[in-house]
Amino acid sequence: MDIKELADLVGNKGCTMVPAHLAGGIASGNFKGIQLFALDFDHGCKFDEIKKKCGNFGISISFAYHTFSATPEEERFRVVFTYECLIEDPFAAKVILYMLMKIFPECDSGCKNLDRMFFGGKELIYVNGDARIALVQLLPVFLDTIDTERNYKRNIQCFSKKICF
């Protein structure tokens with residue numbers, strides 16, 4: 001499916017999506033592959049801040065939409081990234097997802113399972129059908145985010161423990 005078509009269905013028409021390809025039902029054991037990664041932003045940040053951060057990092061957003069619970073007082077949105085290729089290894093997919101979550105600590109840390117279902121929204125706020133991300137873009141930004149206060153080794157060990165499942 002074309003990204004712009006998917007973005008319209010999810011962002012404007014409220015269709016639910018499961019970014020991963022699952023065979024046999026919604027369960028992590030049914031993972032077959034993933035190319036889309038979605039992050040949920042519920043509290044305390046604005047889409048323009050995340051968009052600017054992505055621009056500074058050289059990370060392209062495929063689409064973003066306001067969720068049904070968004071209000072004028074509190075912006076709630078999801079940002080979807082398209083990886084350059086299909087990832088069929090669940091460990092590699094989890095690494096990419098956790099890297100994105102570390103790069104964007106403003107996102108909901110509870111949305112970390114590969115079989116997650118994301119409800120659609122009420123307003124598409126951004127779309128770029130040609131946007132793709134790659135490990136070569138994520139890795140330097142990720143390494144910068146964990147290189148804090150000279151605790152690099154400990155931070156990388158902590159990250160590694162989180163992604164081992």
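Each residue takes its place number in the sequence, starting with 1. Small disclaimer: the values here were computed from a predicted structure and weren't measured.
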For the pair Y126 (side chain) and V79 (backbone), establish whether a donor and an acceptor sit closer than 3.5 Å, ignoring hydrogens and angles.
no
So how far is it from I34 CD1 to D89 CG, rounded to the nearest 0.5 Å?
12.0 Å
Among all residues two or more places apart in sequence or in another chain, which pass the side chain to side chain donor-acceptor pair (under 3.5 Å) test with Q35?
none
Donor-acceptor pair, distance only, cut-off 3.5 Å: does the side chain of D108 make one with the backbone of F41?
no
Could you tell me how the ring of H66 sits relative to the ring of F77: parallel (under 30°), tilted (30 to 60°) or perpendicular (over 60°)?
perpendicular
Hey, what do you get for CD1 (I103) to CD (Q137), rounding to the nearest 0.5 Å?
10.0 Å
Applying ring-ring contact (aromatic ring centres under 6.0 Å, His included) as the test, list every pair that has at least one member in residues 98-118; sequence neighbours left out.
F81-F104
Would a hydrophobic clustering, with Ile, Leu, Val, Met, Phe, Trp and Tyr connected at side-chain separations under 4.5 Å, put F142 with I61?
yes
Just to verify, what does Y65 make a ring pair (Phe, Tyr, Trp, His ring centres under 6.0 Å) with, not counting sequence neighbours?
none
Between N128 and D130, does any side-chain donor sit less than 3.5 Å from a side-chain acceptor?
no
For the atom pair CG (L39) and NZ (K112), what is the distance rounded to the nearest 0.5 Å?
13.0 Å
Interatomic distance, S109 atom OG to D40 atom CG [nearest 0.5 angstrom]
10.5 Å
Assigning hydrophobic clusters by single linkage (Ile, Leu, Val, Met, Phe, Trp, Tyr; side-chain heavy-atom cutoff under 4.5 Å), is I96 placed with I50?
yes
